[in-house]
There are 2 protein chains.
Amino acid sequence: MDTTSGPVESTAPPAESGPAALRRTLHQRGLRMTPQRQLVLDAVRELGHATPEQICTQVQQAAPAVNITTVYRTLDLLERIGLVRHTHLGHGAPTYSEQEHQHVHLVCHSCGTVTESPTDLMDGLAQRLLAESDFVLDPSHVALSGRCRECRDEEGASR
Amino acid sequence: MDTTSGPVESTAPPAESGPAALRRTLHQRGLRMTPQRQLVLDAVRELGHATPEQICTQVQQAAPAVNITTVYRTLDLLERIGLVRHTHLGHGAPTYSEQEHQHVHLVCHSCGTVTESPTDLMDGLAQRLLAESDFVLDPSHVALSGRCRECRDEEGASR
DNA sequence: TTATCTGCAAATATTTTGCAAGGTA
DNA sequence: TACCTTGCAAAATATTTGCAGATAA
């Protein structure tokens with residue numbers, strides 16, 4: 001990790017989005033604006049939730065020469081400066097999305113479908129955790145796992 | 001996956017544990033008892049939560065020739081027959097534990113510490129998910145992510 | 001005896017690192 | 001110009017697969 005080390009503080013991103021905003025956010029920290037960084041950020045926004053691999057594919061449609069290494073490094077950097085975040089949906093690679101894209105993920109471990117729910121679903125739990133365990137919950141970082149209705153119905157029928 | 005495919009039903013394991021119980025459970029499904037399978041199951045029980053790598057290391061203390069491949073295949077099989085389960089604690093490899101070992105995992109994404117809490121912590125959430133989304137929550141399959149008190153205090157002090 | 005299992009090697013997949021060339025400010 | 005970034009190749013990690021020989025039943 002060479003380009004990403006050093007005192008890069010993680011503060012709140014600017015309210016606007018777009019090329020100028022990204023440039024400013026980068027410059028504030030002594031980082032440079034590059035086409036690759038804009039493309040990766042655009043891809044994250046367009047794809048919603050995507051693995052580094054998927055993001056790379058998307059970016060390469062506009063700029064085929066961009067290397068997956070750059071995608072990894074850029075996602076890392078964008079996360080550190082607070083523009084994107086990653087979520088573990090269970091198996092497989094983490095997925096990246098916009099920082100603002102906050103909600104609870106429900107993953108069916110039968111069919112793999114990912115559903116999104118508002119984060120206030122976790123409010124009660126978050127309060128309990130804070131009170132009982134002094135633990136500040138990040139409700140959107142990991143997915144909740146279980147079984148969706150479709151899979152439950154199927155299983156119920158076949159048993 | 002050759003030894004593990006086929007119609008292996010996932011029913012409840014027997015109440016007792018031990019070599020005889022494992023043998024019986026395997027034979028019920030036309031599978032064979034082997035020293036490796038017992039060793040892997042023992043390691044899972046001894047280690048509590050462990051990655052395939054850690055389990056392999058543990059097994060190899062008793063039987064150095066056991067290959068990591070066998071550990072992966074065996075964990076897969078033991079999971080399919082309901083004796084072990086795996087949990088995603090966030091980054092890194094999944095960890096395996098006994099099926100009975102059910103609780104909610106709280107992972108601090110600053111320091112990585114894993115805390116365990118009783119699953120009834122999630123009861124309210126589980127009910128809401130069932131009512132609102134027809135989603136049957138598996139409270140122990142994925143960890144909850146957040147920040148533990150120690151890390152919050154440190155961060156608060158440095159800011 | 002026979003089908004299941006295992007160990008080994010190799011293939012995949014994912015992510016990281018070193019480094020020289022290229023690009024931004 | 002200075003040094004941040006990128007692309008490429010290679011390394012490091014994690015997991016899976018093919019297959020021949022070993023083994024349980």
Side-chain angles (χ1 to χ4, degrees), chain A residues 1-8 19-20 22-41 50-57 59-60 62-81 86 88-96, chain B residues 1-8 19-20 22-41 50-57 59-60 62-81 86 88-96:
Chain A
M1 206 196 301
D2 51 331
T3 70
T4 48
S5 62
V8 178
L22 177 56
R23 168 165 271 121
R24 185 156 6 98
T25 305
L26 291 168
H27 285 185
Q28 278 171 5
R29 300 158 201 265
L31 303 170
R32 291 178 181 176
M33 175 65 158
T34 68
Q36 289 92 337
R37 287 173 179 178
Q38 185 67 55
L39 287 166
V40 169
L41 182 55
T51 62
E53 191 73 34
Q54 295 170 321
I55 290 164
C56 189
T57 303
V59 166
Q60 288 176 339
V66 174
N67 196 278
I68 181 101
T69 303
T70 301
V71 173
Y72 276 105
R73 286 192 283 223
T74 303
L75 288 171
D76 216 48
L77 180 142
L78 293 176
E79 183 157 40
R80 211 130 20 72
I81 64 179
H86 74 268
H88 297 280
L89 295 180
H91 309 271
T95 62
Y96 286 78
Chain B
M1 204 198 299
D2 51 333
T3 70
T4 48
S5 61
V8 177
L22 175 58
R23 168 166 269 120
R24 184 153 9 96
T25 305
L26 289 167
H27 286 186
Q28 277 172 4
R29 300 156 201 267
L31 303 171
R32 293 178 180 174
M33 177 61 158
T34 69
Q36 290 89 337
R37 287 173 179 179
Q38 185 67 57
L39 287 166
V40 169
L41 182 55
T51 62
E53 190 72 36
Q54 294 170 324
I55 290 164
C56 188
T57 302
V59 167
Q60 288 177 340
V66 174
N67 196 277
I68 181 102
T69 303
T70 301
V71 173
Y72 276 107
R73 286 191 284 223
T74 303
L75 288 171
D76 216 49
L77 179 142
L78 293 176
E79 183 157 40
R80 212 132 17 73
I81 65 179
H86 74 266
H88 297 279
L89 296 182
H91 310 271
T95 62
Y96 287 78

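The sequence lines fix the lettering, A, B, ..., with proteins before strands; numbering per chain opens at 1.
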Trainee: Report the distance from atom NE2 of His88(B) to atom P of dA14(D), rounded to the nearest whole Å.
Mentor: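 Spelled out: NE2 on His88(B) to P on dA14(D) is 15 Å.
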Trainee: Within less than 4.0 Å of OP1 or OP2 of dT6(C), is there a side-chain N or O belonging to Arg37(B)?
Mentor: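 Looking at the OP1 and OP2 atoms of dT6(C), one of them is under 4.0 Å from a side-chain N or O of Arg37(B).
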Trainee: Does Glu53(A), at its CD atom, have more than 12 non-hydrogen atoms belonging to other residues, nucleotides or ligands within less than 6.0 Å?
Mentor: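 No, because the 6.0 Å sphere around CD of Glu53(A) holds 12 heavy atoms or fewer from other groups.
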Trainee: Compare the minimum distances between each of dT6(D), dA25(C), dT4(C) and the side chain of Arg32(B), then state the nucleotide with the smallest one.
Mentor: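 Looking only at side-chain atoms, Arg32(B) lies closest to dT4(C).
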Trainee: May I have the distance from Leu39(B) (atom CG) to dG7(C) (atom C1'), rounded to whole angstrom?
Mentor: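 That distance rounds to 15 Å.
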Trainee: Hey, what bend do you get for the helix from dT1(C)-dA25(D) to dA25(C)-dT1(D) if you fit axes on five pairs at each end, rounded to 10°?
Mentor: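 Rounded value for the end-axis angle: 30°.
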Trainee: Check the distance between dA25(D)'s C1' and Arg29(B)'s CZ and give it to me in whole angstrom.
Mentor: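 Going from Arg29(B) (CZ) to dA25(D) (C1'), I get 18 Å.
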Trainee: Quick check on DNA chain D: between His27(B) and Glu53(B), whose nearest nucleotide comes earlier from the 5' end?
Mentor: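 Of the two residues, Glu53(B) wins.
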Trainee: If you only use heavy atoms from C-beta on, which nucleotide in dC5(C), dT15(C), dT6(D) is closest to the side chain of Thr70(A)?
Mentor: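 Of the options given, the side chain of Thr70(A) lies nearest dT6(D).
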Trainee: Report which part of the nucleic acid Pro94(A) touches: base, sugar-phosphate, or nothing (heavy-atom distance under 4.0 Å, all strands).
Mentor: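 It contacts sugar-phosphate atoms only.
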Trainee: Rounded to the nearest Å, what distance is computed from the CD1 atom of residue Ile81(B) to the C1' atom of nucleotide dT4(C)?
Mentor: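 In whole Å, dT4(C) C1' lies 14 Å from Ile81(B) CD1.
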Trainee: How many angstroms lie between CG in Leu75(B) and OG1 in Thr95(B), if you round to the nearest 0.5 Å?
Mentor: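 Nearest 0.5 Å value for the CG-OG1 distance: 10.5 Å.
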Trainee: On the nucleotide dC8(C), are OP1 or OP2 found under 4.0 Å from the side-chain N or O atoms that Asn67(B) carries?
Mentor: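 So the side chain of Asn67(B) is within the cut-off, an N or O lying under 4.0 Å from OP1 or OP2 of dC8(C).
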Trainee: Using whole Å, what does the distance between atom C1' of nucleotide dT6(C) and atom CG of Leu77(B) come to?
Mentor: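 One finds 13 Å between C1' of dT6(C) and CG of Leu77(B), rounded.
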Trainee: Heavy-atom distance under 4.5 Å between the side chains of Thr34(B) and Leu26(B), does that happen here?
Mentor: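 A side-chain contact is absent here, since even the closest heavy-atom pair is not under 4.5 Å.
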Trainee: Of the nucleotides dT15(D), dA25(C), dC8(C), which one has an atom closest to the side chain of Tyr72(B)?
Mentor: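 My answer, after comparing the listed nucleotides, is dT15(D).
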Trainee: Taking the side chain as every heavy atom from C-beta outward, state whether Leu78(B) and Leu22(B) have any atom pair closer than 4.5 Å.
Mentor: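 The answer is yes, as the side chains (C-beta and beyond) meet within the 4.5 Å cut-off.
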Trainee: Without decimals, in angstroms, what is the distance between Gln38(A) CD and dG23(C) P?
Mentor: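 In whole Å, dG23(C) P and Gln38(A) CD are 18 Å from each other.
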Trainee: What pairs with Thr70(B) under side-chain hydrogen bond (donor to acceptor under 3.5 Å, both in side chains), at least two apart in sequence or on another chain?
Mentor: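 side-chain hydrogen bond (donor to acceptor under 3.5 Å, both in side chains) check on Thr70(B) returns nothing, list empty.
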Trainee: Are Thr74(B) and Ile55(B) packed together at the side-chain level, in the sense that at least one heavy-atom pair is separated by less than 4.5 angstrom?
Mentor: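 The answer is no, as the side chains (C-beta and beyond) never meet within the 4.5 Å cut-off.
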Trainee: Figure out the CG/C1' separation between Leu31(B) and dT23(D), and round it to whole Å.
Mentor: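 Atom-to-atom, Leu31(B) to dT23(D), this comes out as 15 Å.
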Trainee: Please examine the side chains of Arg29(A) and Thr25(A), heavy atoms only from C-beta on, and report whether any two atoms are closer than 4.5 Å.
Mentor: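 Yes, side chains in contact.
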Trainee: Could you tell me how far apart Arg23(A) (CZ) and dT24(C) (P) are, to the nearest whole angstrom?
Mentor: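 Distance, rounded to whole Å: 9 Å.
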Trainee: Which heavy atom in Pro94(A) sits nearest to a heavy atom in His86(A), and how many Å separate them?
Mentor: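 Minimum heavy-atom contact is CB-CD2, 4.0 Å.
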Trainee: OP1 or OP2 of dG7(D) versus the side-chain N and O atoms of Gln36(A): is any pair under 4.0 Å?
Mentor: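 Checking Gln36(A) against dG7(D): at least one side-chain N or O falls below 4.0 Å of OP1 or OP2.
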Trainee: Checking contacts here: which listed nucleotide (dT24(C), dT6(C), dA9(C)) is nearest the side-chain heavy atoms of Arg73(B)?
Mentor: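 Out of dT24(C), dT6(C), dA9(C), the nucleotide with an atom closest to Arg73(B)'s side chain is dT6(C).
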Trainee: When you measure from the side-chain N and O atoms of Thr34(A) to the phosphate of dT6(D), is any distance below 4.0 Å, counting only OP1 and OP2?
Mentor: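 For dT6(D), OP1/OP2 do have a side-chain N/O of Thr34(A) under 4.0 Å.
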